[in-house]
Amino acid sequence: MKTIDELLSEGVAGKRVLVRADLNVPLDGTTITDDGRIRAVLPTVKALAEAGARVVVASHLGRPKGAPDPAFSLAPAAARLGELLGADVAFATDTVGESAGATVAGLADGQVAVVENLRFNAGETSKDDAERGEFADRLAALADVYVGDGFGAVHRKHASVFDLPARLPHYAGYLIATEVGVLRKLTDDVRRPYVVALGGAKVSDKLAVIDALLGKAERILIGGGMAYTFLKAQGHEIGTSLLQEDQIPAVREYLERAGKNGVELVLPVDTLVAAEFPDMKTKAPANPTTVAADAIPAGHMGLDIGPETRKLYASKLADAGTVFWNGPMGVFEHPDYAEGTKAVAQALVDSPGFTVVGGGDSAAAVRTLGFDEQAFGHISTGGGASLEYLEGKTLPGLAALED
């Protein structure tokens, strides 16, 4: 895989360089609530601009249905990129149409433009190779060189991620090079003990990675909504807690295999419960009750790990040589249910080992809860991509960057 450093050494002055970034930031209307992904691509964009390239940034945002939708415009992300760069960033109001063509043609050396949301075009996400290829051809007409730096999208076989690199000289940006280097430390060069903390809502999202890690990690800590399917699989009543009943047979098999493989698969010993889901708009006090994990009352749902589980998980992380964490421990967006996620984050900060926050909601939680990002070994920009890499899957976007 060629890197951006090789591209820079070859010279980029005057060349149109399309950077496939991941500017898929959370929005409250037109206000960006977490600009972490924009900051992550800054080193690549800045290096190219300073070397005299005409930089064209392309990204998706949200899940529009193959047609323009103002709610998913990249305009706020383009404005924020300009603020962070300290320079004007041009914005094309389409992706491959007249505005994009004129905007790119108007760039001078060292200037940056952002084109509108890739997913406003059906060809970006099409499962039809010809349709994707046609869209990739139109994107390729905007550039002389391709730099892949949208790690959060490399597990997608999309036109801008998979098909476009085949049409242009292609290189990996700084973010992708860093992410791949970190993931290799989690697969090929692991400092032990290797401890994995998994949370989030759906156990189905994590089954494949648990399957892969049962032969690699010493301990796997389970939290979040997915924990209640594990507790149900052990025969415990879970009230109205989140449950994926169809996953119980797989969970039971993993619990059994963990025991045979000598892997500690650690579940909550207590949990915060309430009769209803908290009001996420007003964040009104929810007044939860703490109960043993095997004693959740009927009509109540578990919404965060309890204080004894926080202590337990912190102790299981204390001697780790390597930690990978993906998924919050509870409904961290509400202050009454943030302590479990905060405790795991603090345990990573206190850990002497190499700590990786695996993207998605975990990365958002770290920033929302006020942690210093520099206190972690690495905060990934791609939760789904990280998980699929750890599962051993071939990621289309990385395969496309290989020569």
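We number each residue from 1, following the sequence as shown.
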Would you please name every residue forming a side chain to side chain donor-acceptor pair (under 3.5 Å) with Tyr194, sequence neighbours left out?
none
Would you say Asp28 has more than 12 foreign heavy atoms packed within less than 6.0 Å of its CG?
no
Any side-chain heavy-atom pair of Leu74 and Leu23 under 4.5 Å:
yes
Any Lys/Arg nitrogen of Lys232 or Glu245 sitting under 4.0 Å from an Asp/Glu carboxylate oxygen of the other?
no
Minimal non-hydrogen separation, Asp336 against Asn287, with atom names:
OD2-N, 3.5 Å
Any ring-ring contact (aromatic ring centres under 6.0 Å, His included) involving residues 331-359? Give me the pairs, sequence neighbours left out, ordered by first then second residue.
His334-Tyr337
Residues, nucleotides or ligands: over 12 heavy atoms within 6.0 Å of Asp88 CG:
no
Which residues share a side chain to side chain donor-acceptor pair (under 3.5 Å) with Arg184, sequence neighbours left out
none
Can you give the donor-acceptor pairs under 3.5 Å from side chains of residues 65-72 to other protein atoms, not counting sequence neighbours?
| from | atom 1 | to | atom 2 | distance (Å) |
| --- | --- | --- | --- | --- |
| Asp69 | OD1 | Ala71 | N | 3.0 |

Under 3.5 Å, which donor-acceptor pairs link side chains of residues 100-112 to any protein atom two or more places apart or in another chain?
| from | atom 1 | to | atom 2 | distance (Å) |
| --- | --- | --- | --- | --- |
| Thr103 | OG1 | Ser99 | O | 2.7 |
| Asp109 | OD1 | Arg54 | NE | 2.7 |
| Asp109 | OD1 | Arg54 | NH2 | 3.0 |
| Gln111 | OE1 | Ala108 | N | 2.8 |

Of Arg138, Arg63, Arg20, the one forming a salt bridge (charged side-chain N to carboxylate O under 4.0 Å, His left out) with Glu124 is Arg20
Counterpart residues, side chain to side chain donor-acceptor pair (under 3.5 Å), relative to Glu131 (two or more places apart)
Ser126
